[in-house]
**Q** 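Below are the structure tokens for one structure; questions will follow.
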Amino acid sequence: MENRDPQLWKQAKARAGFKIHLRSYLIVISCLWAIWLLTSLLFSNGRWNGFHYPWPIWAMLGWGIGLASHYFTVYHGQGENNLAEREYEKLRQKRA
């Protein structure tokens with residue numbers, strides 16, 4: 001499509017990138033929790049007896065911080081042009 005608005009196309013690609021990132025996060029974190037659950041059950045002989053350290057929480061939290069940052073950048077961040085325009089206006093006012 002040659003009639004694309006370049007700014008809208010850039011935003012659409014950024015949103016698609018976030019959705020791919022979210023899908024990867026959900027799949028990998030689900031697999032880690034499944035591994036944790038299965039190994040916890042195996043080592044307890046099928047009985048839930050005692051505390052099993054939930055190690056997937058660290059991957060979930062660490063990656064989750066990056067995912068949240070990606071979300072806010074894509075959906076709530078100000079575009080580069082808007083930031084540049086604001087900085088230009090500040091400099092122009094400071095000079096005057």
Side-chain angles (χ1 to χ4, degrees):
M1 291 189 165
E2 296 177 18
N3 298 337
R4 289 183 181 146
D5 179 342
Q7 196 169 12
L8 288 178
W9 180 243
K10 184 177 178 182
Q11 188 177 15
K13 288 191 327 184
R15 288 183 178 196
F18 169 75
K19 289 176 183 178
I20 291 168
H21 188 184
L22 176 62
R23 184 175 43 220
S24 300
Y25 173 82
L26 293 173
I27 291 168
V28 171
I29 296 300
S30 297
C31 289
L32 291 176
W33 280 106
I35 290 168
W36 172 79
L37 181 62
L38 291 172
T39 56
S40 294
L41 289 174
L42 280 174
F43 291 130
S44 63
N45 296 324
R47 289 168 293 177
W48 195 258
N49 56 355
F51 176 75
H52 297 278
Y53 185 74
W55 54 265
I57 194 75
W58 298 111
M60 190 173 155
L61 289 174
W63 194 351
I65 290 169
L67 187 65
S69 174
H70 193 175
Y71 170 80
F72 283 109
T73 299
V74 170
Y75 287 96
H76 298 289
Q78 296 179 354
E80 293 174 30
N81 291 339
N82 289 343
L83 289 174
E85 287 174 17
R86 282 185 22 207
E87 288 300 319
Y88 176 79
E89 285 300 318
K90 282 182 192 177
L91 292 170
R92 196 171 67 77
Q93 289 176 1
K94 190 176 183 181
R95 189 180 203 188

**Q** Using the side-chain hydrogen bond (donor to acceptor under 3.5 Å, both in side chains) rule, collect all pairs that involve residues 25-34, keeping only residues at least two apart or in two chains.
**A**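 Sorted result for residues 25-34: empty, none.
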
**Q** Name all residues meeting the side chain to side chain donor-acceptor pair (under 3.5 Å) criterion together with Tyr75; count only those two or more places apart in sequence or in a different chain, and write none if there are none.
**A**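 Checked Tyr75 against side chain to side chain donor-acceptor pair (under 3.5 Å); zero matches.
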
**Q** Go through the structure and list residues passing side-chain contact (heavy atoms from CB on, under 4.5 Å) with Leu38, not counting sequence neighbours.
**A**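 With sequence neighbours excluded, Leu38 shows a side-chain contact (heavy atoms from CB on, under 4.5 Å) to no residue whatsoever.
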
**Q** List the residues meeting salt bridge (Lys or Arg N to Asp or Glu O under 4.0 Å) with Lys90, not counting sequence neighbours, and say none if there are none.
**A**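 Glu87.
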
**Q** Is there a chain of hydrophobic side chains (I, L, V, M, F, W, Y, each step under 4.5 Å between heavy atoms) that links Val28 to Phe18?
**A**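 Result: yes, single cluster for both.
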
**Q** Can you list the residues that meet the side chain to side chain donor-acceptor pair (under 3.5 Å) rule with Arg23, with sequence neighbours excluded?
**A**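 Testing Arg23 for side chain to side chain donor-acceptor pair (under 3.5 Å), a comparison that skips the adjacent residues, returns none.
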
**Q** Return the minimal non-hydrogen interatomic distance between Trp36 and Pro56, and the atom names on each side.
**A**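 Nearest pair, atom of Trp36 first, then Pro56: CB-CG, 3.5 Å.
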
**Q** I need the Ile29 CD1 to Leu61 CG distance, nearest 0.5 Å.
**A**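 CG of Leu61 is found 9.0 Å from CD1 of Ile29.
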
**Q** Once side-chain contact (heavy atoms from CB on, under 4.5 Å) is applied, do any residues pair with Ala14, and if so which ones, sequence neighbours excluded?
**A**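 Testing Ala14 for side-chain contact (heavy atoms from CB on, under 4.5 Å), a comparison that skips the adjacent residues, returns Val74.
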
**Q** Got a sec, which pairs hit side-chain hydrogen bond (donor to acceptor under 3.5 Å, both in side chains) with one end in residues 59-68, sequence neighbours left out?
**A**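 Those involving residues 59-68 are His21-Trp63.
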
**Q** Sequence neighbours left out, what passes side chain to side chain donor-acceptor pair (under 3.5 Å) with Glu89? Give chain and number order.
**A**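 So Glu89 forms a side chain to side chain donor-acceptor pair (under 3.5 Å) with Arg92.
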
**Q** ring-ring contact (aromatic ring centres under 6.0 Å, His included) with Tyr88: which residues, sequence neighbours excluded?
**A**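 Applying ring-ring contact (aromatic ring centres under 6.0 Å, His included) to Tyr88 gives none.
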
**Q** Let me confirm one number: the CE-CG distance from Met60 to Leu26, rounded to the nearest 0.5 Å.
**A**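 The CE atom of Met60 sits 9.5 Å away from the CG atom of Leu26.
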
**Q** Could you tell me which residues satisfy side-chain contact (heavy atoms from CB on, under 4.5 Å) with Ile35, sequence neighbours excluded, listed by chain and number?
**A**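 Applying side-chain contact (heavy atoms from CB on, under 4.5 Å) to Ile35 gives Thr39, Trp55.
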
**Q** With rounding to the nearest 0.5 angstrom, report the CG to CG distance, Leu37 to Leu32.
**A**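 If I round to the nearest 0.5 Å, the distance is 12.5 Å.
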
**Q** Measuring from Arg15:CZ to Tyr71:OH, what's the distance to the nearest 0.5 Å?
**A**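 It comes to 9.0 Å.
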
